[in-house]
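What you see is a predicted model; the values in this text were computed from it and never measured.
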Amino acid sequence: MAKFNIATTRNQFEAIAQLANIIWREHYIPIIGLEQVDYMVKNFQSAEAMYSQYLDGYAYFMIIHDNQFVGYLSIKKEEESLFLSKIYVSKDYRGKKIGKSAMNFCEEKALEMHCKSITLGVNRFNVKSIAAYQAMGFKITGEMITDIGHGFIMDDYKMEKLIF
Ligand SMILES: CC(C)(COP(=O)(O)OP(=O)(O)OC[C@H]1O[C@@H](n2cnc3c(N)ncnc32)[C@H](O)[C@@H]1OP(=O)(O)O)[C@@H](O)C(=O)NCCC(=O)NCCS
């Protein structure tokens, strides 16, 4: 059974950033290449970047399984939806229903915040995660190309799960 610890301190964001660096290199280099991974880790997954997102209203949670810190997620309410900005589980712990437990946690949060759905963006070529999201009840609702600077783009599907 996973637990979800809210992150509020500099040390916690440092710990999340260390895990993010491992997960991002292992998972995303084959999908988007090393240069874009370096750029995105620095700009979106570093302790500084995540702390500034936290100050901007994104709640961060550390996923703890069997007393191990195995992943993290980030959510923010946007109108009537809960935007799932990040959800990552370490490679060795995938496929053990930890992501599903994290998604159930997000659904509880979404209902508490009077949201009608959970939305997220996922790289179109991140096929395993798309399949996992579909298994958890999400549907593709659109496509979104975002210019993130320095010649890089995010080429995403938008996905949504209705919860109410
Ligand atoms: C996507 C992710 C969070 C899912 O977490 P997880 O712990 O591996 O998933 P779970 O074990 O809880 O599985 C949830 C459901 O998805 C299905 N699933 C998981 N991985 C799958 C895969 N590779 N292909 C098909 N279905 C899959 C499971 O069978 C399960 O469905 P079920 O309950 O009907 O059996 C995790 O795999 C991950 O962190 N991936 C790498 C990083 C990433 O891409 N994050 C998403 C960024 S947008």
Side-chain angles (χ1 to χ4, degrees), residues 1-7 13 16-17 19-20 23-24 26-33 36-37 39-41 43-46 49-65 70-91 93-149 152-164:
M1 189 63 187
K3 289 196 304 179
F4 304 93
N5 291 353
I6 192 155
F13 282 99
I16 295 172
L19 189 63
I23 293 175
W24 265 71
E26 163 270 312
H27 189 73
Y28 283 104
I29 290 174
I31 300 177
I32 56 174
Q36 185 160 347
V37 166
Y39 180 78
M40 291 184 73
V41 164
N43 286 286
F44 306 120
Q45 309 281 339
S46 63
M50 290 190 280
Y51 192 68
S52 127
Q53 289 156 7
Y54 162 68
L55 296 178
D56 207 26
Y58 288 82
Y60 274 82
F61 293 88
M62 303 167 81
I63 305 174
I64 312 293
H65 173 78
V70 301
Y72 60 104
L73 64 90
S74 169
I75 51 177
K76 187 180 189 194
K77 186 176 194 295
E78 289 186 342
E79 296 174 3
E80 294 194 322
S81 284
L82 187 71
F83 176 54
L84 178 55
S85 166
K86 296 180 169 73
I87 179 167
Y88 300 98
V89 174
S90 293
K91 187 171 189 213
Y93 291 89
R94 285 177 207 150
K96 297 176 188 291
K97 310 285 183 195
I98 295 172
K100 192 169 186 169
S101 164
M103 203 60 85
N104 288 339
F105 172 78
C106 291
E107 282 188 33
E108 282 169 26
K109 290 281 167 203
L111 289 170
E112 277 170 27
M113 290 186 238
H114 307 289
C115 294
K116 294 182 176 160
S117 68
I118 300 177
T119 55
L120 57 86
V122 57
N123 185 290
R124 276 165 184 267
F125 303 102
N126 192 355
V127 288
K128 288 184 184 168
S129 300
I130 292 169
Y133 289 139
Q134 285 170 329
M136 292 188 276
F138 283 77
K139 293 199 177 353
I140 293 173
T141 55
E143 298 172 0
M144 185 171 50
I145 294 181
T146 313
D147 185 337
I148 54 169
F152 297 118
I153 56 153
M154 292 201 314
D155 189 1
D156 288 348
Y157 284 132
K158 291 197 269 186
M159 297 188 82
E160 181 173 38
K161 178 175 185 177
L162 301 179
I163 55 164
F164 188 79

Where is the tightest heavy-atom contact between [X] and [Y], given as atom of each residue plus distance?
X	Y	value
Tyr54	Ala7	CE1-O, 3.8 Å
Ser129	His27	OG-NE2, 4.0 Å
Met136	Lys100	SD-CA, 3.6 Å
Met159	Val122	SD-CG1, 3.7 Å
Val37	Ile29	CG2-N, 3.7 Å

Going by heavy atoms in the side chains, are [X] and [Y] under 4.5 Å from each other?
X	Y	value
Gln36	Ile148	yes
Ser101	Phe4	yes
Ile32	Asn123	yes
Met154	Met40	yes

At what distance, to the nearest 0.5 angstrom, does [atom1] of [X] lie from [atom2] of [Y]?
X	Y	atom1	atom2	value
Ile140	Ile130	CD1	CD1	5.5 Å
Ile98	Met1	CD1	CE	11.5 Å
Ile118	Lys109	CD1	NZ	12.0 Å
Leu84	Ser74	CG	OG	8.0 Å
Lys158	Phe138	NZ	CZ	14.5 Å
Phe44	Trp24	CZ	CH2	8.0 Å

### Task
Please indicate whether Gln134 has more than 12 foreign heavy atoms, meaning atoms of other residues, nucleotides or ligands, lying under 6.0 Å from its CD.
yes
### Task
Take Tyr72 and Phe61 through the ring pair (Phe, Tyr, Trp, His ring centres under 6.0 Å) test and state the conclusion after the steps.
CA-CA 6 Å; Tyr72 60 104; Phe61 293 88; over 10 Å; no
### Query
Between His65 and Lys3, is a side-chain contact (heavy atoms from CB on, under 4.5 Å) present by the stated rule, with each step listed?
CA-CA 6 Å; His65 173 78; Lys3 289 196 304 179; over 6 Å; no
### Task
Decide yes or no on side-chain contact (heavy atoms from CB on, under 4.5 Å) for Leu111 and Ile163, but give the supporting numbers first.
CA-CA 8 Å; Leu111 289 170; Ile163 55 164; 3.9 Å; yes
### Query
Is any side-chain N of the basic residue among Lys116 and Glu107 closer than 4.0 Å to the acidic one's carboxylate O?
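Judged by the 4.0 Å cut-off on N to carboxylate O distance, Lys116 and Glu107 do not form a salt bridge.
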### Message
Check Lys139 with Glu160, please: is the shortest side-chain N to carboxylate O separation under 4.0 Å?
### Response
no
Quick check against the 3.5 Å criterion: does [X] have a side-chain atom that pairs as donor or acceptor with the backbone of [Y]?
X	Y	result
Asp147	Gly149	yes
Lys91	Ile23	no
Lys77	Glu79	yes
Ser46	Ala49	yes

#### Entry: side-chain contact (heavy atoms from CB on, under 4.5 Å) between Leu82 and Ile75, worked out
CA-CA 7 Å; Leu82 187 71; Ile75 51 177; 3.9 Å; yes
### Message
Which label fits Phe83 and Tyr58: parallel for a plane angle under 30°, tilted from 30 to 60°, or perpendicular past 60°?
### Response
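Aromatic pair Phe83/Tyr58 classed perpendicular.
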### Message
Evaluate Asp155 against Phe125 for side-chain contact (heavy atoms from CB on, under 4.5 Å), listing each step before the verdict.
### Response
CA-CA 8 Å; Asp155 189 1; Phe125 303 102; 3.9 Å; yes
### Query
For Arg124 and Glu143, what are the C-alpha separation, side-chain angles and deciding distance, and is it a salt bridge (charged side-chain N to carboxylate O under 4.0 Å, His left out)?
CA-CA 9 Å; Arg124 276 165 184 267; Glu143 298 172 0; 3.1 Å; yes
### Query
Run the side-chain hydrogen bond (donor to acceptor under 3.5 Å, both in side chains) check on Lys161 and Tyr133 step by step: do they pass?
CA-CA 9 Å; Lys161 178 175 185 177; Tyr133 289 139; over 6 Å; no
## Note on the structure
With Met62 as partner, the option from Leu73, Ile6, Ile16, Leu19 fulfilling side chain to side chain contact (heavy atoms under 4.5 Å, CB included) is Ile16
### Message
If the condition is side chain to side chain contact (heavy atoms under 4.5 Å, CB included), which residues does Asn43 pass it with, not counting sequence neighbours?
### Response
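By the side chain to side chain contact (heavy atoms under 4.5 Å, CB included) rule, Asn43 matches Tyr39.
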### Query
Have Ser81 and Ser117 got a donor and an acceptor in their side chains that come within less than 3.5 Å?
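The answer is yes; a qualifying pair exists.
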